[in-house]
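Notes to accompany the following structure.
Every chain is numbered from 1, with letters handed out A, B, ... down the list of sequences.
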2 protein chains.
Amino acid sequence: MNRQILVVEDEAPIREMITFVLEQNGFNAIEAETIEQAQAKIKEPYPDLILLDWMLPGGTGVKLAKSLKQNEYTRSIPIIMLTARADEDDKVKGFDAGIDDYVTKPFSPKELIARIKAVIRRVAPTALEEAIEFHGIKLDPVAHRVSINDENLDLGPTEFRLLHFFLTHTERVYSREQLLDNVWGTNVYVEDRTVDVHIRRLRKAISGQGHEDFIQTVRGSGYRFSGKIKDRV
Amino acid sequence: MNRQILVVEDEAPIREMITFVLEQNGFNAIEAETIEQAQAKIKEPYPDLILLDWMLPGGTGVKLAKSLKQNEYTRSIPIIMLTARADEDDKVKGFDAGIDDYVTKPFSPKELIARIKAVIRRVAPTALEEAIEFHGIKLDPVAHRVSINDENLDLGPTEFRLLHFFLTHTERVYSREQLLDNVWGTNVYVEDRTVDVHIRRLRKAISGQGHEDFIQTVRGSGYRFSGKIKDRV
DNA sequence: TATTACTGTCATGAAACTGTCACAAAAAGT
DNA sequence: ACTTTTTGTGACAGTTTCATGACAGTAATA
């Protein structure tokens, strides 16, 4: 699952260039021209990082940064500010808003990629590198290994990613589409119902002894991964 | 409640193909060949989304997009542009006019549908995500869970929406029609009395031990969700 | 190249959910 | 007390949604 990076930049050539560089380096770029567009595109598949231009029509990037940092769900998304001036004041303003790093235009692709990787490494080791444990289920992203009650089990790639996603997003219903976006990738065209099949495969794999079904079907809405006992009737 | 999609495309074969694909996927297609036709057909039942061809007789699609975005009532209708060229200039012009997304011809049906769904998902905000508590009733829209006095209970989709509506609109009488509008959706043809049945189902579900009947019947007017002891009339 | 693993899609049957009805019960009106 | 209007309820059939097994195409591996 490639990292999603949201590029907020109003000047088309620069935006295109950045997107190109990102995709050459294995990232997944989402483009936004304005603050409004950015806000719209942030939802659903939350990006792993945001590249935010300093000067934007309709308000400075700092504005957007601040509002993101105030939202529980977007607060943890790292932000790298793109600025044309290495102005000291701007930096201060940016850091107030919780900016994670700066890249001053013009910049080399190498520099950009290096900064991005540095920030991701710094910010998201927990999110993507660290082993997760949940009610006896252990998942180690590095070793790519899963166990339930210390009993190893092997999953196919998709089931692994699906479980990983669920383990990091428990107690919340996700529609089939949201799961597709998050587990399969944003612009993959796959049938909704395919999710069902993979849910089934995952269920089968983790349905060892008596323990509850962690994956709960919420009819008409999607699926939920939960440690709580299934709703009583 | 099918989505209405207006297809503005002058070439009949393409238009018909699109319509076909849309209807296969549960959308409701309205066809228009020219900008004038489109403008005429937009009124009344405002479409939920517009598929707009780039090259149209009598002006480019951007023209139409711009005029739509200037009208208070049509401004919020998302637009997906169909373009034969992945031309940079076109894209920029389109975004100026507030285009929500692009699909470059030729496109696969899957891609088209995926884009449409993505845009609709992005535009239609996912209600309030905040959990509600009212006299021991907890409803969590995110987890899609309901509990009374910490005891989980299972509701069907309609009962869930109905309860959600009531919890966000307590102490106030709603007619059956108002409930239909708010819970079922605006242009749904359903008998008034159907509300009664769902009220009954919801009552049954939340009628645990002794606690009052939260849903009160107001004879001749409708229903009220209230935490107060039922008024003697 | 042969074999194996993995994916996405489909067909099918089961289960859940919905909207309506018909009739009972309750309230309001005469 | 009797009639009329409105609401409560149980039943039911049609529809929608979901679980599941099968299958064929593709990618990975030996």
Looking only at C:dT18, D:dG21, D:dC18, the nucleotide nearest the A:Lys204 side chain is D:dG21

Whether B:Arg224 and B:Glu171 form a salt bridge (side-chain N of Lys/Arg under 4.0 Å from carboxylate O of Asp/Glu) is what I want to check. no

Are OP1 or OP2 of D:dG21 and a side-chain N or O of A:Arg200 less than 4.0 angstrom apart? yes

Is A:Trp184 near enough to C:dG8 that one of its side-chain N or O atoms lies under 4.0 angstrom from OP1 or OP2? yes

Taken to the nearest whole Å, NE2/A:His198 to C1'/D:dC18 is 16 Å

Whole angstrom is fine here: how far is it from CG in B:Asp154 over to P in D:dC18? 14 Å

Nearest whole angstrom, please: distance from the P of D:dT17 to the NE2 of B:His144. 13 Å

Is the phosphate of D:dA19, meaning OP1 or OP2, less than 4.0 Å from a side-chain N or O of A:Tyr223? yes

Below 4.0 Å: OP1/OP2 of C:dG8 and any side-chain N or O of A:Arg193: no

Which nucleotide in the set D:dT7, C:dG8, D:dA19 lies at the smallest distance from any side-chain heavy atom of A:Val190? C:dG8

A:Ile199 CD1 to C:dT7 C1', straight-line distance once rounded to whole Å: 15 Å

Considering only heavy side-chain atoms of A:Glu159, the closest of D:dC18, D:dG8, C:dT7 is C:dT7

Nucleotide of C:dC10, D:dG8, C:dT20 approaching A:Glu191 most closely (side-chain heavy atoms): C:dC10

Could you tell me whether the side chain of B:Arg201 has a donor or acceptor atom within less than 3.5 Å of a complementary atom in the base of C:dG19? yes

Would you mind telling me which of D:dG8, C:dC17, C:dC10 lies closest to the side-chain atoms of B:Asp196? D:dG8

Would you say B:Thr217 reaches D:dG8's phosphate, i.e. side-chain N/O to OP1/OP2 under 4.0 Å? yes

Residues A:Gln178 and A:Arg172: side-chain donor-acceptor under 3.5 angstrom: no

Test: B:Arg15 and B:Asp53 ion pair at under 4.0 Å: no

Hey, does the side chain of B:Thr194 come within less than 4.0 Å of C:dT18's phosphate (OP1/OP2), counting only N and O? no

With a 4.0 Å cut-off, would you call A:Asp154 and A:Arg145 a salt bridge? no

Between C1' on C:dT7 and CG on A:Leu202, what's the gap in Å once rounded to a whole number? 15 Å

Give a yes or no on whether the ring-centroid distance for B:Phe160 and B:His144 is below 6.0 angstrom. yes

Does B:Arg219 get its side chain close enough to the base of D:dT6, under 3.5 Å, for a donor-acceptor pair? yes

Spacing between A:Asp192 atom CG and D:dT16 atom P, to the nearest angstrom: 16 Å

Look at all strands and tell whether A:Phe160 reaches a base, only sugar-phosphate, or nothing, counting heavy atoms closer than 4.0 Å. nothing

Rounded to the nearest 0.5 angstrom, the CZ-CG distance for A:Phe134 and A:Leu167 is 7.0 Å

Over how many whole Å does the gap from B:Arg161 atom CZ to C:dC17 atom P extend? 12 Å

Gap between atoms CZ and C1', on B:Arg176 and D:dG8 respectively (whole Å): 10 Å

